[in-house]
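Report on one structure; see the data block that follows.
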2 protein chains.
Amino acid sequence: MKQTKKARLEAAGWRVSDAAAFLGLSDEERRFVELKLALASGVRQLRERRGLTQAALAKQLRSSQSRVAKMEAADTSVSLDLMMRSLLSIGATPRDIAKLIRKAEAA
Amino acid sequence: MKQTKKARLEAAGWRVSDAAAFLGLSDEERRFVELKLALASGVRQLRERRGLTQAALAKQLRSSQSRVAKMEAADTSVSLDLMMRSLLSIGATPRDIAKLIRKAEAA
DNA sequence: GCCATGTATGTCATATTCGACATAGCGCAA
DNA sequence: TTGCGCTATGTCGAATATGACATACATGGC
């Protein structure tokens, strides 16, 4: 049993229903995390490149600094939706976003 | 005033707080919608290519047929998270997803 | 040292999204 | 026509993500 791995994921905040589900879903789950990580670092990169503080970006998004911080940390409590909206708000084009996503390749 | 456009978006289920916010955010909002549309059609395309019914995909996702239908219709009630998870569950690679996103270019 | 600026982390009530279910529509074979 | 498989749409209570806020931490200038 992948108790160890499961525990690690859960400790990181990733909910896993039961062992079977875990085994069945772990692959996509892992890919999904990779994807979020890629987008998260993309947000930070672009934000800094634009010379924006987290608070400034938050204002653009009508969100809050804490949420931006969590987003860049790929916190499990932030959705892909918010990340995408952030990227678009910063001025990322679909092409830019596609490039970020391709970085989630491998794993 | 962009009353017409605003009304159209709201009729389609896109919440818009007030005129100023609308004017300020419409651009990203529109891009975001394009992006969801691109991913939604990607889900349908890949699902059909795999010979899966909505119900079958729903089962893989531990979701329901209705949610898959709404997802493919790019319903405002479905998140990008669910779309991404679906794509990954269907077997899309980051490269595939990137390609879909690039289709949201223009507008 | 202190203060300012920016970032990280935790919590909360509220808002949004969830899966589930019911049910309607649609195409097609018997 | 009826029946069947698949998809669409609407509505729920439950689950999750949200912005706001407080507060801790880090770095750098004074």
Side-chain angles (χ1 to χ4, degrees), chain A residues 9-18 21 24-25 28-29 32-33 35-37 39-41 43-87 89-90, chain B residues 9-18 21 24-25 28-29 32-33 35-37 39-86 89-90:
Chain A
L9 273 181
E10 284 180 338
W14 297 96
R15 262 169 310 284
V16 165
S17 43
D18 63 10
L25 259 50
E28 295 113 61
E29 207 54 43
F32 187 69
V33 173
L35 216 134
K36 279 187 78 168
L37 287 173
L39 294 178
S41 71
V43 169
R44 166 154 294 172
Q45 226 177 43
L46 286 177
R47 175 180 64 78
E48 290 180 341
R49 191 169 303 169
R50 300 281 188 278
L52 293 173
T53 64
Q54 291 183 344
L57 174 55
K59 191 176 176 185
Q60 274 190 34
L61 293 169
R62 299 164 169 275
S63 180
S64 59
Q65 178 268 327
S66 62
R67 203 127 279 283
V68 173
K70 289 178 219 284
M71 178 166 59
E72 294 184 351
D75 189 288
T76 53
S77 87
V78 343
S79 70
L80 232 42
D81 294 64
L82 188 58
M83 288 188 179
M84 283 296 185
R85 286 180 192 275
S86 298
L87 286 168
S89 175
I90 292 175
Chain B
L9 273 182
E10 284 180 339
W14 298 96
R15 261 170 311 286
V16 166
S17 43
D18 63 10
L25 286 158
E28 295 113 59
E29 207 55 41
F32 186 70
V33 173
L35 214 135
K36 279 187 78 167
L37 288 172
L39 294 177
S41 72
V43 169
R44 166 154 295 170
Q45 229 176 41
L46 286 178
R47 175 180 64 78
E48 290 179 342
R49 192 170 302 170
R50 300 280 188 278
L52 292 173
T53 64
Q54 291 182 343
L57 173 55
K59 191 175 177 186
Q60 274 190 32
L61 293 169
R62 300 164 169 273
S63 181
S64 59
Q65 179 268 326
S66 62
R67 204 126 277 281
V68 173
K70 289 179 221 282
M71 178 166 60
E72 294 184 352
D75 189 287
T76 54
S77 87
V78 343
S79 69
L80 231 43
D81 294 64
L82 189 59
M83 289 187 179
M84 283 295 185
R85 285 178 194 277
S86 299
S89 176
I90 293 173

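Letters A, B, ... are given to chains in the order of the sequence lines, protein chains preceding strands, and every chain is numbered from 1.
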Let me know the distance between [atom1] of [X] and [atom2] of [N], rounded to the nearest Å.
X: B/Leu57; N: C/dG19; atom1: CG; atom2: C1'; result: 14 Å
X: B/Met71; N: C/dA20; atom1: CE; atom2: P; result: 14 Å
X: A/Leu52; N: C/dT7; atom1: CG; atom2: C1'; result: 15 Å
X: A/Asp81; N: C/dC18; atom1: CG; atom2: P; result: 8 Å
X: B/Lys59; N: D/dT7; atom1: NZ; atom2: P; result: 16 Å
X: A/Arg85; N: D/dG19; atom1: CZ; atom2: C1'; result: 14 Å
X: B/Phe32; N: C/dT16; atom1: CZ; atom2: P; result: 14 Å
X: A/Leu80; N: C/dT17; atom1: CG; atom2: P; result: 13 Å

Indicate the atoms forming the closest heavy-atom contact of A/Met83 with A/Ala74, along with that distance.
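Closest pair (atom of A/Met83, atom of A/Ala74, distance): CE-CA, 4.2 Å.
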
So which heavy atom on A/Val43 is nearest to which on A/Glu72, and how close?
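Nearest pair, atom of A/Val43 first, then A/Glu72: CG1-OE2, 3.9 Å.
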
Check every strand shown and say whether A/Ser64 touches a base, only sugar-phosphate, or nothing at a heavy-atom separation below 4.0 Å.
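It contacts base atoms.
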
Output yes when at least one side-chain N/O atom of B/Ser79 is less than 4.0 Å from OP1 or OP2 of C/dT17, else no.
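No, because none of the side-chain N or O atoms of B/Ser79 sits under 4.0 Å from OP1 or OP2 of C/dT17.
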
Side-chain N,O (B/Thr53) to OP1/OP2 (D/dC6) below 4.0 Å
no

Going from [atom1] on [X] to [atom2] on [Y], what distance comes out if it is rounded to the nearest 0.5 angstrom?
X: A/Ser63; Y: A/Met71; atom1: OG; atom2: CE; result: 7.0 Å
X: A/Ser89; Y: A/Leu52; atom1: OG; atom2: CG; result: 8.5 Å
X: A/Met84; Y: B/Phe32; atom1: CE; atom2: CZ; result: 8.0 Å

Is there a donor-acceptor pair closer than 3.5 Å between any side-chain N or O of A/Arg47 and the backbone N or O of A/Leu57?
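Between the backbone of A/Leu57 and the side chain of A/Arg47 there is no qualifying donor-acceptor contact (under 3.5 Å).
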
Assess the residue pair B/Arg67 and B/Leu61 against the criterion (side-chain contact (heavy atoms from CB on, under 4.5 Å)); give the C-alpha distance rounded to whole Å, side-chain angles, the decisive distance to 0.1 Å, and a yes or no.
CA-CA 10 Å; B/Arg67 204 126 277 281; B/Leu61 293 169; over 6 Å; no

Each nucleotide in nucleotides 8-13 of chain D should get exactly one letter: B, S or -. Can you fill that in based on protein heavy atoms under 4.0 Å?
BBBB--

